[in-house]
Amino acid sequence: MDQTVSLVLFSGTDDKLQSAAVLTVGAAMMGRPVEVFLQYWALDAFRADRILKDHGVAPEAGPEGARAMADQGKPHWSELFGQAKDLGEVRIHACSDSMEMFRITAEDLDPLVDGVWGVASFFREADGPITFI
Amino acid sequence: MDQTVSLVLFSGTDDKLQSAAVLTVGAAMMGRPVEVFLQYWALDAFRADRILKDHGVAPEAGPEGARAMADQGKPHWSELFGQAKDLGEVRIHACSDSMEMFRITAEDLDPLVDGVWGVASFFREADGPITFI
Amino acid sequence: MDQTVSLVLFSGTDDKLQSAAVLTVGAAMMGRPVEVFLQYWALDAFRADRILKDHGVAPEAGPEGARAMADQGKPHWSELFGQAKDLGEVRIHACSDSMEMFRITAEDLDPLVDGVWGVASFFREADGPITFI
């Protein structure tokens with residue numbers, strides 16, 4: 001039960017990022033180390049100048065679902081990731097392949113991101129569940 | 001190999017819910033305990049008065065894919081979850097955060113759902129793979 | 001750390017398939033066995049006559065994201081899966097239920113696919129993380 005929870009964040013919509021943040025907080029509360037690996041559209045959402053912008057929700061949410069999310073009064077997912085880092089052993093790395101794809105550098109990313117990793121480094125630490133979101 | 005298979009159901013479209021149900025049946029057949037945790041749009045699909053309604057499929061399915069799903073003559077995914085519960089140790093819990101978001105209570109949910117859990121309870125039982133669908 | 005990485009490929013868009021291929025290469029590089037199980041829209045994308053076609057990207061990518069993907073000059077994901085098979089112990093199986101749904105036979109599939117499995121066979125080999133993409 002002290003295996004690392006490895007999360008690959010692929011999607012960059014606010015509903016999936018909020019779900020990922022809630023799971024990260026829950027894992028940290030239970031004393032599990034968490035490795036978050038940012039790829040593709042999730043990486044794009046962690047740019048310092050975009051992180052607080054509206055990233056939309058899954059098309060299936062519909063107007064009722066989008067309204068329920070907006071009205072729930074929960075802290076922004078970026079704040080939840082910050083709380084998770086305060087609670088436990090949570091690290092966030094950006095995928096070097098996706099960095100190249102978007103032509104962004106480490107300075108473009110929000111300070112929540114601890115560094116840039118290749119996919120081999122991600123697997124070096126992945127001794128437990130690997131959850132793709 | 002007797003580790004619990006922990007499934008976080010996030011998506012509420014019929015294709016993903018059917019895939020989740022097929023995986024749950026397969027895991028139960030192989031003697032694995034399964035914990036299903038319902039969040040966001042998947043939780044919404046488990047409301048008693050909506051579970052049998054059309055929840056659509058992923059946009060990528062296209063008309064050909066949607067037709068192939070409709071014509072396959074498989075039992076509804078809710079029936080497959082029921083079969084999995086008969087076969088093995090399968091429990092389904094609703095995420096308390098998502099319950100609040102949708103302002104629904106335990107009585108609104110289909111009887112397949114065994115109760116309401118916080119995310120910490122989910123991680124307390126998650127001693128194996130954690131699969132996000 | 002020598003547990004099998006079990007990947008359920010559900011989505012058939014080029015961004016998710018490329019992410020899955022990159023993860024497969026990374027796991028193989030680190031000496032992990034990888035079992036890839038093709039379902040639904042991902043199975044459809046592995047048909048011999050469709051594998052190199054344009055399968056689109058997630059709606060959330062937007063025009064900027066789609067352009068970044070197209071311009072990155074990475075080998076096609078099918079080539080990456082081939083490289084992963086050369087690097088390590090990587091097997092790709094098609095889900096028999098999804099084969100029936102699409103009414104396709106083993107001959108319709110790309111040679112990357114090693115055979116057809118039921119979901120019980122998938123769980124028989126799943127002694128580690130189970131990642132749904």
Side-chain angles (χ1 to χ4, degrees), chain B residues 1-11 13-36 42 57-75 77 80 83-84 87-88 90 126-133, chain C residues 3-17 19 32 35 37-45 47 50 53-62 66 93-104 108 117-133:
Chain B
M1 285 297 270
D2 50 1
Q3 285 178 329
T4 298
V5 176
S6 297
L7 300 179
V8 180
L9 301 199
F10 172 92
S11 295
T13 54
D14 285 323
D15 50 351
K16 288 223 176 149
L17 290 165
Q18 188 181 75
S19 176
V22 167
L23 293 172
T24 301
V25 169
M29 281 197 309
M30 300 307 288
R32 302 277 294 259
V34 183
E35 277 291 346
V36 178
V57 293
E60 62 176 281
E64 188 195 347
R67 203 158 43 236
M69 264 206 62
D71 291 351
Q72 68 184 323
K74 225 187 170 59
W77 53 262
L80 295 176
Q83 291 175 10
L87 273 170
V90 175
D127 64 350
I130 300 175
T131 309
F132 186 95
I133 297 181
Chain C
Q3 286 179 329
T4 298
V5 176
S6 297
L7 300 179
V8 181
L9 302 198
F10 173 90
S11 295
T13 54
D14 285 324
D15 50 350
K16 288 220 176 153
L17 289 164
S19 176
R32 301 278 293 260
E35 276 292 345
F37 191 52
L38 304 174
Q39 287 192 330
Y40 294 81
W41 326 120
L43 174 63
D44 193 54
R47 294 187 199 229
R50 297 189 186 179
K53 292 206 171 142
D54 180 357
H55 301 93
V57 292
E60 62 176 279
H93 288 94
C95 171
S96 54
D97 274 15
S98 293
M99 296 283 285
E100 276 177 41
M101 184 176 104
F102 288 120
R103 293 174 193 177
I104 57 180
D108 298 321
W117 268 6
V119 71
S121 301
F122 171 75
F123 276 102
R124 191 171 296 123
E125 303 296 322
D127 64 350
I130 300 177
T131 309
F132 185 95
I133 296 181

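Order of the sequence lines sets the chain letters (A, B, ...), proteins ahead of strands, with each chain counted from 1.
Heavy-atom distances place no part of Val25(B) under 4.5 Å from chain C, backbone and side chain included. Using a 4.5 Å cut-off between heavy atoms, Glu64(B) touches chain C through its side chain atoms alone. Contact of Lys16(B) with chain C is made through backbone and side chain together, with heavy-atom distances under 4.5 Å. Proximity to chain C is absent for every atom of Leu7(B), based on heavy atoms less than 4.5 angstrom apart. With a threshold of 4.5 angstrom between heavy atoms, Ser121(C) does not approach chain B through any atom at all.
Looking at residues two or more places apart in sequence or on another chain, you find a side-chain hydrogen bond (donor to acceptor under 3.5 Å, both in side chains) between Ser19(C) and Gln39(A).
In terms of heavy-atom pairs under 4.5 Å with chain B, the best-connected choice from Met101(C), Arg103(C), Glu100(C) is Met101(C). Among Gly62(B), Pro59(B), Ala61(B), the residue with the largest count of heavy-atom pairs under 4.5 Å with chain C is Ala61(B).
One distance of note links CZ of Phe132(C) with OG1 of Thr131(B); it measures 9.0 Å at 0.5 Å rounding. To the nearest 0.5 angstrom, Asp108(C) atom CG is 9.5 Å from Arg50(C) atom CZ.
For the pair Trp41(C) and Phe102(C), the minimum side-chain heavy-atom distance is below 4.5 Å. When side chains are defined from C-beta on, Leu43(C) counts as touching Ile104(C), because their heavy atoms get closer than 4.5 Å. Considering only heavy atoms from C-beta on, Ser6(C) comes within 4.5 Å of Phe122(C) through its side chain.
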